[in-house]
Amino acid sequence: MPDSLPPVAAEPVNIEPPVSALDAMLTPADILFTRNNGTVPDNLPGWTLSVTGLVARELALTPEALRARFPTVEIVSVLECAGNNRSAITPAVDGQPWGPGAVGCARWTGVRLADVLEAAGVSPRAVYVGFRSPDHVIGKPGVEALSRGLPLAKALSPETLIAFGMNGAPLSALHGAPLRIVAPGFPGSAWQKWLREIVVLDREHDGAKMTGLDYRMPRHPLRPGQDPAGTEFDVITDMPVKSLITAPLEGFSTPGPVAVRGFAWSGHVPLAKVEVSADGGGTWHPARLEPGASPWAWRRFTTELAVPPGPVTLLARATDMAGKTQPMDPPWNPRGYLNNAVQRVGGVVAG
Ligand SMILES: Nc1nc2c(c(=O)[nH]1)N[C@H]1C(S)=C(S)[C@@H](COP(=O)(O)O)O[C@H]1N2
Ligand SMILES: [Mo]
């Protein structure tokens, strides 16, 4: 990774770019945030992907055999960590203290997970697929770092890939080479990297970080700071509507009118609109919304705001087709997931 992207924690490797680096339709591989719950497996010889569990025919495929056997598809999709912008949540919560940059959008190349599952012959009893990888907890060889999965319906959905490429190049080690899951609309945690095993199951997978408070949301809202004991949690299966102002940047100084731009995206419910405010949310102005490269890609928004000279805070608010909109303040939960609160960018309009 470039020296310009400082790790927010030394070990495991977790790296977040500044918002200024995210102002591109496709996020370059060395700019995209990286999240690793344990070690980063690299250059492992003789990689084989196995498909086992409730299948008619078990499969064992090298990455080359996978590419030769199934059609190659490409999809542009946002990848966002469920904990993106967790650091803005109060009272503070445990977890990687991400700012707003644990998100990006890339072109992913791979094969459909559905095609591979079809070749294996999924049993009618199957409801879930589990994933396994060789990364382990730092200092604890043999202890799985992360073993996530997908509901069968999402595993069979055409946008869900086993990817080997990103932005036209082979996947890098940090982004999951040789094979990773791409699950558009799901949180980054479901995008299993260094994929080596797919297990077809008749119940929700219970691998590392599938249970307890990990990547799960309370079924009913909690008060900020509330003890979650006795609360039921569900695996996160959809990402909320959200926007990111990429220009101007915090601390800007510019003459008016102020040109505002950024990106907006949502999970499984398509995006409807983006609005921008320069008066703390009193009035909202519609932004132009450009088409996305795919239904799963982020979309550029732009607008110019006539703002009187002086200090100003810019806000952007996206709304999805179901009418859900970004809240003004972060919703609280014990691990600080799914913070899609309206972002605030402060600066000065010169007279
Ligand atoms: N095997 C494995 N896969 C993983 C992880 C991990 O720790 N181990 N982290 C997950 C999480 S929490 C996120 S947000 C994404 C990040 O993908 P990236 O590093 O390519 O940005 O990978 C996911 N896949
Ligand atoms: Mo994540």
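In what follows, residues are counted from 1 in the order of the sequence shown. Just so you know, ligand 1 is whichever comes first in the structure, and atom 1 is the first atom listed for that ligand.
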Any protein N/O atoms within less than 3.5 Å of an N/O atom in ligand 1? List the atom names and distances, or say none.
| from | atom 1 | to | atom 2 | distance (Å) |
| --- | --- | --- | --- | --- |
| ligand 1 | 1 (N) | Asp135 | OD1 | 3.1 |
| ligand 1 | 1 (N) | Asp135 | OD2 | 3.3 |
| ligand 1 | 1 (N) | Lys193 | O | 3.1 |
| ligand 1 | 3 (N) | Lys193 | N | 2.9 |
| ligand 1 | 7 (O) | Asn37 | N | 2.7 |
| ligand 1 | 7 (O) | Asn37 | ND2 | 2.9 |
| ligand 1 | 8 (N) | Asp135 | OD2 | 2.7 |
| ligand 1 | 9 (N) | Arg35 | O | 3.4 |
| ligand 1 | 9 (N) | Asn37 | ND2 | 3.4 |
| ligand 1 | 17 (O) | Arg180 | NH2 | 3.1 |
| ligand 1 | 19 (O) | Thr34 | OG1 | 2.8 |
| ligand 1 | 19 (O) | Arg35 | N | 3.0 |
| ligand 1 | 19 (O) | Lys193 | NZ | 2.5 |
| ligand 1 | 20 (O) | His175 | ND1 | 2.6 |
| ligand 1 | 20 (O) | Arg180 | NH1 | 2.7 |
| ligand 1 | 21 (O) | Phe33 | O | 2.7 |
| ligand 1 | 22 (O) | Arg180 | NH2 | 3.4 |
| ligand 1 | 24 (N) | Trp191 | O | 3.0 |

For residues 109-130, which side-chain N or O atoms pair as donor and acceptor with protein atoms under 3.5 Å away, sequence neighbours left out?
| from | atom 1 | to | atom 2 | distance (Å) |
| --- | --- | --- | --- | --- |
| Thr109 | OG1 | Glu74 | OE2 | 3.0 |
| Arg112 | NE | Pro158 | O | 3.0 |
| Ser123 | OG | Arg125 | N | 2.9 |

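- Screening residues 332-351 for side chain to side chain donor-acceptor pair (under 3.5 Å) gives Asp214-Arg335 as the qualifying pairs, with residues at least two apart or on separate chains.
- For Lys209, the NZ atom sits in a packed shell: over 12 heavy atoms of surrounding residues, nucleotides or ligands are nearer than 6.0 Å.
- Under the 30°/60° scheme for interplanar angles, the aromatic rings of Phe263 and Trp298 are found to lie parallel.
- Residues satisfying the ring-ring contact (aromatic ring centres under 6.0 Å, His included) criterion with His136, sequence neighbours excluded, are absent altogether.
- Checked by atom type, the side-chain pair Ser133/Gln192 shows a donor-acceptor distance below 3.5 Å.
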